[in-house]
Amino acid sequence: MEVAQVLHMNGGVGDASYANNSLVQQKVISLTKPIREEAITSLYCSTLSRSLAIADLGCSSGPNTLFVASELIKTVEKLCRKLNHKSPEYRVFLNDLPGNDFNNIFKSLDSFKKKLQTEVAGGIGPCYFSGVPGSFYGRAFPNQSLHFVHSSYSLQWLSKVPEGVENNKGNIYLGRTSPSNVVRAYYDQFQRDFSVFLKCRAEELVQGGRMVLTFLGRRNEDPCSKDGCYIWELMATALNDMVSQGIIKEEEVDSFNIPQYTPSPSEVKLEVLKEGSFAINRLEVSEVNWNAFDDWNALDFESERFESIGDGGYNVAQCMRAVAEPMLVSHFGEDIIEEVFSRYQQILADRMSKEKTQFFNVTVLLSRKD
């Protein structure tokens, strides 16, 4: 699997699009808002910069994409009013892999800016948006050109499927039956990728610059625990059921592995300390239900744009389809997609009716050392 070519969320605004199936990600952004407010406030108050460069890495597309930028700009504008300062100039960089639906983002920018101007009393400073296609596992920006970096639900994706996982039979990710060498290969790949990410951002951020990173992760130290693996184990169950009925071949499933690693807080901390360029200001774990409609009224932004259709199994299957469909199509072809997600929906509904199912999020606030 050539990850850079096939790893992108479903574009457009259709039923299976990421734009219409990203409420879980929206809830995570809402949960982590206080950490971003703390970070941008301390950054602005310590620099009083006349120009702020903000990068959102793994921005994807749809309504969530511009929410963080809006939130950060509003926070800085409040500080400017409080301190009687002139608004800074904002440069916002939206980064994702080239397959991302950047067109959908660009089409919404004019209306976004107009709305933002009306929501902030007195208006905002000049605001410039740029798309930056490419992997964040490499340099994406000039030296010391960024003040603030944000990434949510992107860094669990690896740069490639780990090497040496051919014996991960019956699994499509880490699972309770994964051999120890497969577990090690996944962890090693995460270490390499996250270390490269930190090195690159250390060169791109100004001294004292901030990063807020949220991973889909786990609380448990066991990489094969349900915390980080269960959602993919159940998809593997659907695929293996289709193997048993002769719909797809066993070797097709055995050769399909998801390029993801859901780290624990201690694994994130270890890599930051080893790389050495950043100080850890906060490191927290939060959780959201698989079925994001379970307490969606608790959200403090536009939940009404989503309509709860069908049961929890449907909602979660659609969420996962928006994320995984391009990878599945690349490996298995389009013909099996409807059948896979029909079976997956039934399996999810059954599991969710019998146990509490949650995603765990690891969020870290980092400061670039002097």
Side-chain angles (χ1 to χ4, degrees), residues 9-10 15-36 58 60 62-64 67-68 151-157 173-176 213-220 222-238 258 260-265 284-325 341-364:
M9 309 299 103
N10 275 346
D15 288 345
S17 68
Y18 182 80
N20 286 325
N21 295 282
S22 51
L23 186 54
V24 167
Q25 292 86 343
Q26 187 195 66
K27 290 185 76 170
V28 173
I29 290 172
S30 181
L31 279 173
T32 54
K33 180 179 179 180
I35 299 176
R36 286 189 301 278
S60 195
N64 292 349
F67 178 78
V68 171
S151 184
S152 183
Y153 265 38
S154 296
L155 276 162
Q156 71 270 7
W157 293 107
Y173 177 51
L174 295 180
R176 284 163 287 185
L213 312 174
T214 297
F215 302 75
L216 175 62
R218 64 182 200 275
R219 288 181 307 186
N220 197 303
D222 178 6
C224 296
S225 67
K226 278 188 173 183
D227 280 11
C229 300
Y230 200 31
I231 196 83
W232 294 116
E233 280 193 39
L234 298 183
M235 184 177 285
T237 299
I258 299 294
Q260 186 180 90
Y261 186 78
T262 49
S264 68
E284 298 186 358
V285 178
S286 58
E287 59 272 334
V288 291
N289 291 330
W290 281 7
N291 183 14
F293 291 97
D294 280 352
D295 60 339
W296 61 272
N297 285 327
L299 286 176
D300 41 4
F301 64 106
E302 300 150 24
S303 303
E304 66 271 11
R305 68 182 173 85
F306 294 95
E307 294 180 17
S308 180
I309 306 171
D311 59 18
Y314 174 87
N315 295 328
V316 180
Q318 286 294 95
C319 173
M320 292 299 292
R321 180 169 181 170
V323 171
E325 184 170 1
F341 283 98
S342 174
R343 291 168 181 260
Y344 190 37
Q345 175 183 336
Q346 294 174 23
I347 294 166
L348 287 166
D350 176 66
R351 290 293 91 205
M352 292 163 66
S353 70
K354 295 173 180 175
E355 57 190 292
K356 189 171 185 178
T357 50
Q358 292 181 308
F359 293 116
F360 295 95
N361 320 302
V362 177
T363 301
V364 61

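For Gln156, the side chain to side chain contact (heavy atoms under 4.5 Å, CB included) test picks out Tyr153, Leu216, Gln260, with sequence neighbours left out. In this structure, Ser151 has no side chain to side chain donor-acceptor pair (under 3.5 Å) partners at least two apart in sequence or on a different chain. Contacts of Thr32 classified as side chain to side chain donor-acceptor pair (under 3.5 Å), with partners at least two apart in sequence or in another chain: Arg36. Applying the side chain to side chain donor-acceptor pair (under 3.5 Å) rule to Lys356 yields no partners; only residues at least two apart in sequence or on another chain are considered. With sequence neighbours left out, the side chain to side chain donor-acceptor pair (under 3.5 Å) criterion links Ser152 to no other residue. For Ser286, the side chain to side chain contact (heavy atoms under 4.5 Å, CB included) partners at least two apart in sequence or on another chain are Leu31, Asn361.
Closest approach of Val285 to Pro265, counting heavy atoms only: CG2-CG, 3.3 Å. Nearest heavy-atom pair, Ile258 versus Tyr173, reported as atom, atom and distance to 0.1 Å: O-CD1, 4.1 Å. Nearest heavy atoms, Cys224 versus Gly175: SG-O, 3.4 Å. When all heavy atoms of Phe215 and Leu155 are compared, the pair lying nearest together is CE2-CB, 3.4 Å. The heavy-atom pair separating Met320 from Trp232 by the smallest distance is CE-CH2, 3.6 Å.
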**OP:** Before giving the answer on side-chain contact (heavy atoms from CB on, under 4.5 Å), spell out for Thr262 and Val362 the whole-Å C-alpha distance, their side-chain angles and the decisive distance to 0.1 Å.
**Re:** CA-CA 9 Å; Thr262 49; Val362 177; over 6 Å; no
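From Thr237, atom OG1 reaches atom CD of Gln346 across 13.0 Å, with rounding to the nearest 0.5 Å. Rounding to the nearest 0.5 Å places CE of Met235 at 14.0 Å from CZ of Arg343. Remark: Phe341 CZ to Glu325 CD distance equals 6.0 Å, nearest 0.5 Å. Here Leu213 contributes atom CG and Thr363 contributes atom OG1; the two are 8.5 Å apart, rounded to the nearest 0.5 Å. Between the CD atom of Gln345 and the CG atom of Leu234 there is a distance of 13.5 Å, given to the nearest 0.5 Å.
By the 4.5 Å heavy-atom criterion applied to side chains, Tyr261 and Pro223 are counted as neighbours. Looking only at side-chain heavy atoms (C-beta outward), Val316 and Ile231 come within less than 4.5 Å of each other. Looking at Glu355 and Tyr230, their side chains come closer than 4.5 Å, going by heavy atoms from C-beta outward.
At least one donor-acceptor pair under 3.5 Å links the side chain of Arg218 to the backbone N or O of Asp222. Within the 3.5 Å criterion, the main-chain N or O of Asp227 finds no donor-acceptor partner in the side chain of Asn220.
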